**Q** 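Just passing along the structure, written as structure tokens.
Remember, it's a predicted structure, so these values are computed and weren't measured experimentally.
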Amino acid sequence: MDLLSRLLTYDSGNGEITVEVRIASPHRTAQGWSCAYQIAWPGAPRRGFGHGVDAMQAMLLAFHAIGTDIYTSDYHRSGRLRWEQAGQGYGFPVPPVIRGLLVGDDARFFG
């Protein structure tokens with residue numbers, strides 16, 4: 001069941017495309033907890049998950065995975081992906097190893 005969503009916008013050059021990011025409610029698994037997410041990239045949706053020892057950790061790791069997927073995507077590298085304003089970030093944290101990729105408010109808050 002979806003818990004949260006955020007809409008990003010990609011300027012394809014032929015118009016704007018909405019890219020929805022959805023996060024499901026964490027659920028218990030045999031190994032702990034899992035939190036699924038999906039990024040609706042044009043033509044190639046990306047599904048992933050965060051796993052943790054409790055629901056909070058699973059969700060936090062899903063947020064980090066989303067940030068990683070966004071910041072390492074061709075859509076971000078193109079400079080034509082935005083959340084509210086271009087160049088201000090997307091509102092997702094990333095692991096320390098790629099924090100140098102953060103822009104705008106993301107760099108300020110998560111860097």
Side-chain angles (χ1 to χ4, degrees):
M1 177 175 146
D2 286 345
L3 177 65
L4 303 167
S5 68
R6 170 165 291 161
L7 300 178
L8 306 178
T9 302
Y10 175 67
D11 181 354
S12 70
N14 293 322
E16 293 187 341
I17 298 171
T18 298
V19 177
E20 185 176 21
V21 179
R22 296 181 1 213
I23 302 173
S25 297
H27 67 277
R28 188 178 293 279
T29 68
Q31 293 79 30
W33 286 80
S34 181
C35 184
Y37 70 89
Q38 177 177 328
I39 303 172
W41 296 122
R46 166 81 170 113
R47 290 182 169 85
F49 49 84
H51 286 293
V53 296
D54 62 13
M56 187 73 71
Q57 184 181 40
M59 182 173 278
L60 179 61
L61 293 175
F63 274 99
H64 278 256
I66 292 166
T68 298
D69 286 347
I70 290 172
Y71 273 100
T72 61
S73 73
D74 290 337
Y75 298 100
H76 167 72
R77 283 190 290 273
S78 76
R80 297 183 301 190
L81 183 67
R82 72 177 190 280
W83 174 27
E84 292 183 329
Q85 295 180 11
Q88 290 303 307
Y90 313 104
F92 292 99
V94 297
V97 70
I98 64 168
R99 286 192 182 142
L101 299 177
L102 296 174
V103 298
D105 289 339
D106 287 355
R108 203 170 91 201
F109 296 124
F110 302 125

**Q** Could you work out, with ring pair (Phe, Tyr, Trp, His ring centres under 6.0 Å) as the rule, every residue matching H27, not counting sequence neighbours?
**A** none
**Q** Of the non-hydrogen atoms in P26 and L3, which two are nearest, and what is the gap between them?
**A**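 Closest approach of P26 to L3, heavy atoms only: CD-CD2, 4.5 Å.
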**Q** The test is side-chain contact (heavy atoms from CB on, under 4.5 Å); show your working for L8 and V21 and say whether it passes.
**A** CA-CA 8 Å; L8 306 178; V21 179; 4.0 Å; yes
**Q** Who passes salt bridge (charged side-chain N to carboxylate O under 4.0 Å, His left out) against R108, sequence neighbours left out?
**A** D105
**Q** What residues form a salt bridge (charged side-chain N to carboxylate O under 4.0 Å, His left out) with R77, not counting sequence neighbours?
**A** D74
**Q** Report the distance from atom CG of L102 to atom CD1 of I70, rounding to the nearest 0.5 Å.
**A** 11.0 Å
**Q** Please output the side-chain donor-acceptor pairs of residues 30-41 that fall under 3.5 Å, not counting sequence neighbours, one pair per line with the distance.
**A**
{"residue": "Y37", "atom": "OH", "partner": "D69", "partner atom": "OD2", "Å": "2.6"}
{"residue": "Q38", "atom": "OE1", "partner": "R47", "partner atom": "NE", "Å": "3.4"}
{"residue": "Q38", "atom": "OE1", "partner": "R47", "partner atom": "NH2", "Å": "3.2"}

**Q** Please find the pair of heavy atoms, one from G43 and one from P45, that lie closest to each other, and give the distance.
**A** C-CD, 3.9 Å
**Q** Does anything in residues 88-100 form a side-chain hydrogen bond (donor to acceptor under 3.5 Å, both in side chains)? List the pairs, not counting sequence neighbours.
**A**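 Sorted result for residues 88-100: H76-Y90.
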**Q** Work out which heavy atom in D106 is nearest to a heavy atom in G89; give both atom names and the distance.
**A** OD2-CA, 3.3 Å
**Q** According to a 4.5 Å side-chain heavy-atom criterion applied to Ile, Leu, Val, Met, Phe, Trp and Tyr, with indirect links allowed, do F49 and I23 form part of one hydrophobic cluster?
**A** no
**Q** Could you note down all residue pairs passing side-chain hydrogen bond (donor to acceptor under 3.5 Å, both in side chains) where residues 8-20 supplies at least one of them, sequence neighbours left out?
**A** Y10-R80, E16-R82
**Q** Distance-only criterion, 3.5 Å: show the donor-acceptor pairs between side-chain atoms of residues 53-66 and protein atoms not counting sequence neighbours.
**A**
{"residue": "D54", "atom": "OD1", "partner": "M56", "partner atom": "N", "Å": "3.4"}
{"residue": "D54", "atom": "OD1", "partner": "Q57", "partner atom": "N", "Å": "2.8"}
{"residue": "Q57", "atom": "OE1", "partner": "V53", "partner atom": "N", "Å": "2.7"}
{"residue": "H64", "atom": "ND1", "partner": "V94", "partner atom": "O", "Å": "3.4"}

**Q** When hydrophobic residues are tied together by side-chain contacts of less than 4.5 Å, even through go-betweens, does Y71 share a cluster with L7?
**A**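 No, because Y71 and L7 fall into different hydrophobic clusters, even though each may have its own neighbours under 4.5 Å.
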**Q** Looking at CG of L81 and OG of S73, how far apart are the two atoms once the value is rounded to the nearest 0.5 Å?
**A** 6.0 Å
**Q** The criterion is salt bridge (charged side-chain N to carboxylate O under 4.0 Å, His left out); which residues satisfy it with E84, sequence neighbours excluded?
**A**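 Per chain and number, E84 pairs via salt bridge (charged side-chain N to carboxylate O under 4.0 Å, His left out) with no residue.
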**Q** Could you name each residue pair satisfying salt bridge (charged side-chain N to carboxylate O under 4.0 Å, His left out) that touches residues 21-43, not counting sequence neighbours?
**A** D2-R22
**Q** Would you say the side chain of P93 lies within less than 4.5 Å of the side chain of F109, judging by non-hydrogen atoms?
**A**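 When only atoms from C-beta onward are counted, P93 and F109 do not touch, as no gap falls below 4.5 Å.
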